[in-house]
Structure formats: structure tokens, C-alpha cells
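What follows is a single structure, written as C-alpha cells, with notes after it.
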Amino acid sequence: MPPKRTLHRTTPSPGNEAAAAICAVVRRIPRGWVATYGQVAAMAGLPRRARLVGYVLQHLDTTTDIPWHRVVNAKGEVSYTLSRHGSDAFQQRLLQEEGVEFDDRNRFDLERFRWPE
DNA sequence: GTTATGACTTCAC
DNA sequence: CGTGAAGCCATAA
């Protein structure tokens, strides 16, 4: 019998397949490209669980090497929220440094920068 | 146990 | 194009 474990935690850890699968996908997003939360979820084998992707990224350690900033929403923009305390603006800056061009309303061409695959 | 909240998405209008 | 509702589901209270 395999040990019973909770697979509900969003913090990456051995025994958390969902978070591990999500992180594995995010790691593969190339520099200068982006993927949506829903896209990452689907590629991780977790269709319709876009929100889970957001939770996992939120709990990542600040020293992580995972390119969390390349995950964006389906509207073609960085998800701005008060609870992010500035990590949202930081995310946009990182993307701009990688060549993602934002317009005057903080949006970019999703068709152009979306990671195909 | 319940309710509320949210780094989300899709569809109807 | 924008808005709102419904669906989503882990977490916190």
C-alpha cells in the first residue's frame, strides 16, 4: 500500500505531484516567452486548474530559479493585485528586460509572445 | 462543518 | 472592446 498523503498543498515538496508538475512546466518556458496560467495547468496535466498554478507560484521561495515571471493571465497582461505587494510590477519589469513589449495600458500581444507547444 | 477570498478562465451580453 | 456571472478549488478564518 502506498502511503496516504495530501496532494492539496501548493508548496513544492516531495509528495506534492501537482506543484511538482506545475514547476516542471514553468521551468521549460524559454526566456522572452510567456505562458498563461491555464496553459501551464493544462500542460501539467491539470486542466481547468489555472488557479492552482497561481497558488503554487505565490508560495515559491524568493530564491527560486523557476522563471515564475513568465506566467501571465489570458488577457495578455500581468495579474495586478494588492496582495502581491509589488511583485506584480517587478514581474512586468523582468518581462520587459527579456524583450516582452508592453503598451501604454500594461498589456502585450499574447499571440506574439505566447510560448507555443 | 461553513463562508469568504483569490498571481484564473470562459462565455454571454 | 468592456463587464459580469459561473465555474474553478486551495486556504484561511
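The shown structure was predicted, so the numbers you read here are calculated from the model rather than taken from an experiment. Letters A, B, ... are given to chains in the order of the sequence lines, protein chains preceding strands, and every chain is numbered from 1.
- Contact annotation for A:Arg107: backbone-only contact, meaning every heavy-atom pair under 4.0 Å involves sugar-phosphate atoms and none involves a base.
- Across all strands, A:Thr36 comes closer than 4.0 Å only to sugar-phosphate atoms, never to a base (heavy-atom distances).
- A sub-4.0 Å separation between OP1 or OP2 of B:dG6 and a side-chain N or O of A:Thr81 is absent.
- For C:dG2, one of the phosphate oxygens OP1 or OP2 lies less than 4.0 angstrom from a side-chain nitrogen or oxygen of A:Arg105.
- Following rounding to the nearest Å, A:Tyr80 (OH) and B:dG6 (P) show an atom-to-atom distance of 18 Å.
- Atom P of nucleotide B:dA7 and atom CD of A:Gln91 are separated by 12 Å, given to the nearest angstrom.
- With rounding to whole Å, A:Leu57 atom CG is found 16 Å from C:dC9 atom C1'.
- For A:Arg84 and B:dG6, the shortest distance from a side-chain N or O to OP1 or OP2 is not below 4.0 Å.
- Following rounding to the nearest Å, A:Tyr55 (OH) and C:dC9 (C1') show an atom-to-atom distance of 8 Å.
- The listed nucleotides are B:dT10, C:dC1, B:dA7; the one nearest the side chain of A:Ala74 is B:dT10.
- No salt bridge links A:Arg105 with A:Glu77; every basic N to acidic carboxylate O contact stays at or beyond 4.0 Å.
- No hydrogens or angles considered: nothing links the side chains of A:Gln58 and A:Arg84 as a donor-acceptor pair under 3.5 Å.
- For the pair A:Leu46 CG and C:dC9 P, the interatomic distance rounds to 10 Å; values are reported in whole Å.
- In this structure, the side chain of A:Gln39 engages the main chain of A:Trp115 through a donor-acceptor pair within 3.5 Å.
- Taking 4.0 angstrom as the limit, A:Ser83 places a side-chain polar atom (N or O) nearer than this to OP1 or OP2 of B:dA7.
- Rounded to whole Å, atom P of B:dC8 lies 15 Å from atom CD of A:Gln39.
- The pair A:Asp109-A:Arg114 does not meet the salt-bridge criterion, since no charged nitrogen lies less than 4.0 angstrom from a carboxylate oxygen.
- For A:Ser79 and B:dC8, the shortest distance from a side-chain N or O to OP1 or OP2 is below 4.0 Å.
- Between A:Leu60 atom CG and C:dA10 atom P there is a gap of 17 Å when expressed in whole angstrom units.
- Taking the six-membered ring for Trp and thresholds of 30 and 60 degrees, A:Trp68 and A:Phe90 have ring planes inclined between 30 and 60 degrees apart.
- Side-chain atoms of A:Trp68 lie closest to B:dA7 of the nucleotides C:dA10, B:dC8, B:dA7.
- Rounded to an integer number of Å, the gap from A:Leu52 CG to C:dG7 C1' is 15 Å.
- You won't find any donor-acceptor pair under 3.5 Å spanning the side chain of A:Arg51 and the base of C:dC9, going by distance alone.
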